[in-house]
Protein chains: 2
Amino acid sequence: MKIGELAEKTGVSVRSLRYYEQQGLLTPLRQVNGYREYSPLAEEQVRTIRFYLELGLSTEQIAGFLHCVLKNKEAFCEEVLPLYRSKLEEIDEQIRLLTNIRRNLEDRIASILLERDPGEEALP
Amino acid sequence: MKIGELAEKTGVSVRSLRYYEQQGLLTPLRQVNGYREYSPLAEEQVRTIRFYLELGLSTEQIAGFLHCVLKNKEAFCEEVLPLYRSKLEEIDEQIRLLTNIRRNLEDRIASILLERDPGEEALP
DNA sequence: CTAAACCCTGACACCGGTGTTAGAGTCAAG
DNA sequence: CTTGACTCTAACACCGGTGTCAGGGTTTAG
């Protein structure tokens, strides 16, 4: 299958498919004319890549274990669990930061409303 | 006061002070030799800028109301409240996204642990 | 044969505040 | 006068997946 077809089947842009290849996540064969030729398995492989990208992993991190998870169950790939755990910490840190900002924003909003129309926002 | 002194007093790098100026947030005078000359008020002004940056506002957004909040109380600057509210929605959306990812990560971790050592993680 | 639709590579743009470097001018202390 | 510490402008790098364009080949249906 050619790149356009794979793009349509997976909903991933042609540009992205070429990028994944450049990052070592996909390795299509080449036809004599230079066109990329994807096996039917590539479709599932692309969905796997998308899954990990949506978990917030980088293409570089994914490249580190993709070959393994494509052959085995995730649980047998040593690299995955530590990666998940550090990503989880990272996410938690980001949530903490955002939550702090959120609190500050609410404080500012509340104090503006108070200063502007004292008592008005206390209505039911 | 020269830029290095202001940088030291505020803890903001010289690079950033020049950037704030470029974004229209600071307008120091110039000495005859071309050096920036900051008034003592600039110190407080920089802290104000930092405050808004840390709320997640962009220099462009800050530029839109900084002149007002430097003269009046925040509550009298019309632009501020809507900006706070849209920023709050933005933050909430980001927290939602991160929370989803977080849940997926935890699911993956749990299922790896289950698959690998069934029951082991259930210990006290 | 031709036009439309694909495909190829390579490269720039984006986002946005900050670090860093290069090359050059200025100033103060010794 | 000289040296070292500042200052100036201008410009690139970063981060990272994606959009988009340029310029050129290939294929396929009419």
Side-chain angles (χ1 to χ4, degrees), chain A residues 1-38 42 45-64 66 83 86-87 90-91 93-94 97-98 101, chain B residues 1-38 42 45-64 66 83 86-87 90-91 93-94 97-98 101:
Chain A
M1 132 180 64
K2 285 185 294 185
I3 197 169
E5 192 181 344
L6 182 58
E8 195 175 4
K9 280 185 178 173
T10 59
V12 171
S13 74
V14 168
R15 174 69 176 89
S16 292
L17 292 177
R18 291 201 265 245
Y19 178 69
Y20 299 161
E21 175 178 353
Q22 192 187 336
Q23 300 306 111
L25 301 180
L26 281 176
T27 338
L29 300 175
R30 294 295 179 132
Q31 296 175 342
V32 282
N33 57 17
Y35 286 15
R36 291 169 177 81
E37 174 65 29
Y38 295 92
Q45 190 164 346
V46 169
R47 289 188 219 288
T48 303
I49 293 169
R50 292 301 314 170
F51 173 78
Y52 289 118
L53 280 177
E54 278 154 25
L55 275 185
L57 302 184
S58 69
T59 53
E60 189 183 354
Q61 292 174 320
I62 298 172
L66 185 62
L83 212 44
S86 75
K87 192 70 202 175
E90 210 176 297
I91 299 277
E93 179 60 21
Q94 289 182 45
L97 286 177
L98 287 173
I101 294 178
Chain B
M1 142 177 55
K2 286 185 294 184
I3 197 169
E5 194 181 343
L6 182 59
E8 196 175 3
K9 280 184 179 172
T10 59
V12 171
S13 73
V14 168
R15 174 69 175 91
S16 293
L17 292 177
R18 290 200 265 246
Y19 178 69
Y20 299 161
E21 175 177 354
Q22 191 188 338
Q23 299 308 111
L25 301 180
L26 281 175
T27 337
L29 300 174
R30 294 294 180 132
Q31 296 175 343
V32 282
N33 57 17
Y35 286 16
R36 291 168 176 81
E37 175 65 30
Y38 294 92
Q45 190 164 347
V46 170
R47 288 189 220 288
T48 303
I49 294 170
R50 291 300 313 169
F51 173 78
Y52 289 118
L53 280 177
E54 278 154 24
L55 276 186
L57 302 185
S58 69
T59 53
E60 189 182 354
Q61 291 173 321
I62 298 172
L66 185 62
L83 212 44
S86 75
K87 192 70 202 174
E90 210 176 295
I91 299 275
E93 178 59 21
Q94 288 182 45
L97 285 178
L98 288 173
I101 293 178

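None of these values were measured; they are calculated from a predicted model. In what follows, every chain begins at residue 1, and chains take the letters A, B, ... in the order their sequences are listed.
Note on B/Arg36: a side-chain N or O is less than 4.0 Å away from OP1 or OP2 of D/dC8.
No side-chain heavy atom of A/Tyr20 sits less than 4.5 Å from a side-chain heavy atom of A/Ile62. The closest side-chain heavy-atom distance from B/Arg30 to B/Arg36 is below 4.5 Å. Between A/Lys87 and B/Ile101 there is no side-chain heavy-atom pair separated by less than 4.5 Å.
Salt bridge absent: B/Glu21 and B/Arg18 never bring a charged side-chain N and a carboxylate O closer than 4.0 Å.
Residues passing the salt bridge (Lys or Arg N to Asp or Glu O under 4.0 Å) test with B/Glu5, sequence neighbours excluded: B/Lys9. In this structure A/Glu60 satisfies the salt bridge (Lys or Arg N to Asp or Glu O under 4.0 Å) test with no other residue, sequence neighbours excluded. A/Tyr52 is linked by a ring-ring contact (aromatic ring centres under 6.0 Å, His included) to A/Phe65, counting only residues two or more places apart in sequence or in another chain.
Applying the 6.0 Å contact sphere to CD of A/Glu8 captures no more than 12 heavy atoms from other residues, nucleotides or ligands.
Of the residues in residues 3-28 of chain B, those lying under 4.0 Å from DNA chain D by heavy-atom distance are B/Ile3, B/Gly4, B/Arg15, B/Arg18.
The residue among A/Arg30 and B/Glu60 whose nearest nucleotide of DNA chain C is located toward the 5' end is A/Arg30.
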Report the C-alpha distance between A/Tyr38 and A/Val46 in whole Å, list the side-chain angles of each, state the deciding distance to 0.1 Å, and finish with yes or no for side chain to side chain contact (heavy atoms under 4.5 Å, CB included). CA-CA 11 Å; A/Tyr38 295 92; A/Val46 169; over 6 Å; no

Letter per nucleotide, 5' to 3', of nucleotides 22-30 of chain D [B base touched, S only sugar-phosphate touched, - untouched; heavy atoms, 4.0 Å]: ---BBS---

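Applying side chain to side chain contact (heavy atoms under 4.5 Å, CB included) to B/Ile49 and the options B/Thr59, B/Leu25, B/Leu57 leaves one that passes, B/Leu25.
You can see that DNA chain C meets the heavy atoms of chain A within a 4.0 Å-exclusive cut from C/dC6 to C/dA11, reading 5' to 3'.
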